Amino acid sequence: MPRILITSALPYINGVKHLGNLVGSMLPADVYARFQRARGQEVLYICATDEHGTPAELAARAAGQTAEEYCTEQYEVQKRAGEAFGLSFDHFGRSSNLPNHRLTQHFAAVLEEKGLIQERADKQVYSIDDQRFLPDRYVEGTCPECGHEKARGDQCDNCGRLLDPVELINPYSTISGSRNLETRETKHLYLLQSKMQDRIAEWVDDHPDWPLLTKSIAHKWLKEGLRDRAITRDLYWGIKVEKDGRPRSGFENKVFYVWFDAPIEYLGATEEWALASPDGNRDWRSWWRLDEGAEDVRYVQFMGKDNVAFHTVSFPCTILGTEEPWKTVDTLKSLNWLTWYGGKFSTSENRGIFMDQALELLPADTWRWHLMANAPESDDASFTLEHFASVVNKDLADVLGNFVNRITRFCAARFGEAVPEGGAFGEVEDRLIADLGQRIKAYTDALEAMEFRKAFVELRAIWVAGNEYLQVAAPWTKVKQDKDAAAASVRCALNLIVLYAALSRPVIPFTADKMFAVFGLDSEAASRWPENAEQALQTLQPGHEFTPAPVLFTKVEDDQLLEWREKFGAPRADK
RNA sequence: GGCGGGGUAGCUCAGUUGGUGAGAGCGCAGGAUUCAUAACCCUGAGGUCGGCGGUUCAAAUCUGCCCCCCGCUACCA
């Protein structure tokens, strides 16, 4: 049986992630991981914070902390937010941890041995007052083309012209505003990606099953021709540039570029997972080295569309360039953006809803369901509070929650708090089983294909099927003439709750566990993926006691919605 | 600017390789029901499939041009 390695794009350390970040990589990866575990697959789901780079240094400075302190604090915040959302990482690591340092040094050294790394000198803008080199986007000035006064160092937002920072008139640092800038020469290591062009093209062509969005982005980069890129930066916070275990001459004040070390943290975090093993039995290399047992691993990556090029071209250059037998990705799931009322979620402008704020409004499962059922798969998708409230009320409260409530309460009132005996399943149940059989297959296939919207349309239809069944079976009518027949219907419906819990657990794990708890079932054991609807409806035998659960989902009231709109500054509703 | 993705009912979105009268959920209207969170279930109204040409017996689907939204454009990550 193949093992499945799952990674979601590493969230940047710079603050709590918003709902767009969540649904772009971590949440779909979690749903997929949970689904595969339920099917009995051996899954390793790895994620980590991406901590290096200029923004982290600047954010730390703004907070009056060292980068180390800032990142440690933010790491804890993000880790807690992930746990609160039920993200079932097998390990949530840090790109600043030791394994990533070791691995990054290893990759750099081997790439250099293979002739793929070269020292080159560059001219860059240095800010004397900030005491640092400024990345292009941290320099602004007047555009030489159109006179726009806030042109960034790489491009003018007004006329669209691509710029070199040295072309800017009256350039200033966006960090301090200082105009005390000069151009200095600085050495950097370059990864000679141009030499990898054919190798990467061949590797990409070996994966014809990638989604369209993923393939077209990869092909676009290859078509333009891979360019050599600098993999070091003039920063303090990052992985030091070494040679033979010592600071590399001329690179004492430099670190590796965050985009070079961040993907390596996929491996690093796996090693962290192994190091954290209680019994020392975890072998991280068996997941990553083809010569140490990884032949049977299927590796799936989840990411937002902005990350695709780095995962289909840049990181493969690093990993394939070593000519060592590292595992490369088999399948990529790339998602588009979730928008805030059609505009951008923005961390810097504090626009939209962030993970910690979301949980102050409603429980994690409501967000998980809404985000996944409306995931931005084929195009950017719009998040609105109105839509969210409507989905919570209809799908979760009315369709699923009410189903559980209506049948458990009816049973308790007429038969007591145990699965009733008597009667037998008949034609109505046969039709239900046939319907469920088809839908469970469609649902399973869609999850397997990571087509989430499609999957959750099916899951919702499976919930609806329960309500339809009750409507036809009408035990509240039957109970008056034929109590045995009513008992059979109730038994069937109670079993549906358990079936629904198992099927729904990948997306709404907290609620699924509550549903199992109604019947005193152990979640882990009961959540095995149902292969057969008929068998699944025999799970609860007559006499099995239960405790009617409190309402699973409370509805969002209109005044709540208004309060939220106010709180988050929601634009005028689309509808 | 270049490249890529997308523009389908009031809203959010599905629509394999072009082929029976274009779909779902929400919202709306009507009906049925009363076990249930004024919930559930059934039925219905609603679309010149971004615009204008072209190919074809046949186009939401292929092609040309135009308009709009989004991403990338290698030093934001």
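Residue numbering restarts at 1 for every chain, and letters A, B, ... go by the order of the sequence lines. What you see is a predicted model; the values in this text were computed from it and never measured.
- Within the nucleic acid shown, T54(A) comes within 4.0 Å of sugar-phosphate atoms alone, with no base atom in reach, counting heavy atoms only.
- The residue D380(A) sits close only to the backbone: its heavy atoms come under 4.0 Å of sugar-phosphate atoms, none of a base.
- Within the nucleic acid shown, A397(A) comes within 4.0 Å of at least one base atom, counting heavy atoms only.
- OP1 or OP2 of rC40(B) has at least one side-chain nitrogen or oxygen of K394(A) nearer than 4.0 Å.
- Counting only heavy atoms from C-beta on, V464(A) has its side chain closest to rC41(B) among rC76(B), rA77(B), rC41(B).
- Regarding contacts with the backbone of rC35(B), every side-chain N or O of R414(A) stays at 4.0 angstrom or more from both OP1 and OP2.
- The nucleotide whose nearest atom lies closest to any side-chain atom of K305(A) is, among rC42(B), rC70(B), rA74(B), rC70(B).
- Base-pair partner of rG71(B): rC3(B) (Watson-Crick or G-U wobble, both distances under 3.5 Å).
- With both ends at atom P, the span from rG1(B) to rG18(B) equals 32 Å, rounded to whole Å.
- When Watson-Crick and G-U wobble pairs are counted only if both distances are under 3.5 Å, rG64(B) pairs with rC52(B).
- Of the nucleotides present, rG19(B) is the one that pairs with rC57(B) by Watson-Crick or G-U wobble criteria, both distances under 3.5 Å.
- Within 3.5 Å, no donor on the side chain of E386(A) pairs with an acceptor on the base of rC11(B), nor the reverse.
- Nucleic acid contact class of V258(A) (heavy atoms, under 4.0 Å, all strands): sugar-phosphate only.
- Side chain of E224(A), nearest nucleotide from rG71(B), rC35(B), rA74(B): rA74(B).
- Looking at which nucleotide of RNA chain B each of L10(A) and N374(A) is closest to, the 5′-most match is held by N374(A).
- Here the side chain of R460(A) is nearest to one of rC26(B), rC35(B), rA39(B), namely rC26(B).
- Judged by Watson-Crick or G-U wobble contacts below 3.5 Å, the nucleotide rC41(B) has rG31(B) as its partner.
- Comparing rG25(B), rC41(B), rG71(B) against the side chain of D395(A) picks out rG25(B) as the nearest.
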Does the pair H52(A) and F256(A) meet the rule for a ring-ring contact (aromatic ring centres under 6.0 Å, His included), with working shown?
CA-CA 9 Å; H52(A) 298 136; F256(A) 282 103; over 10 Å; no

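- Distances were taken from every side-chain heavy atom of P135(A) (C-beta onward) to each of rC75(B), rA36(B), rG71(B); the shortest belongs to rC75(B).
- In this entry rA36(B) has no Watson-Crick or G-U wobble partner, no candidate having both defining distances under 3.5 Å.
- The residue among L470(A) and K220(A) whose nearest nucleotide of RNA chain B is located toward the 5' end is K220(A).
- Across all strands shown, F310(A) has heavy atoms under 4.0 Å from base atoms, whether or not it also approaches the sugar-phosphate.
- Distances were taken from every side-chain heavy atom of R233(A) (C-beta onward) to each of rC35(B), rC75(B), rA77(B); the shortest belongs to rC75(B).
- Residue-to-nucleotide contacts include a donor-acceptor pair under 3.5 Å from the side chain of N402(A) to the base of rA36(B).
- Here rA74(B) is the nucleotide among rC13(B), rU33(B), rA74(B) with the atom lying nearest to any side-chain atom of W221(A).
- Both tests do not hold together for K17(A) against F345(A): distance to the six-membered ring centre under 6.0 Å, angle to the ring axis within 45°.
- Nearest to the side-chain atoms of D379(A) among the listed nucleotides rG6(B), rG71(B), rA77(B) stands rG6(B).
- Within the nucleic acid shown, F403(A) has no heavy atom closer than 4.0 Å to any nucleic acid atom.
- Residue P55(A) has its side chain nearest to rA77(B) when only rA77(B), rC13(B), rC41(B) are considered.
- Look at R229(A) and you won't find any side-chain N or O under 4.0 angstrom from OP1 or OP2 of rA74(B).
- Base contact: K555(A) has a heavy atom under 4.0 Å from a base atom.
- With its glycosidic angle more than 90° from 0, rG31(B) is assigned anti.
- Residue ring and nucleobase are not stacked for F410(A) and rC35(B) under a centre distance beneath 5.5 angstrom and an angle between planes beneath 30°.
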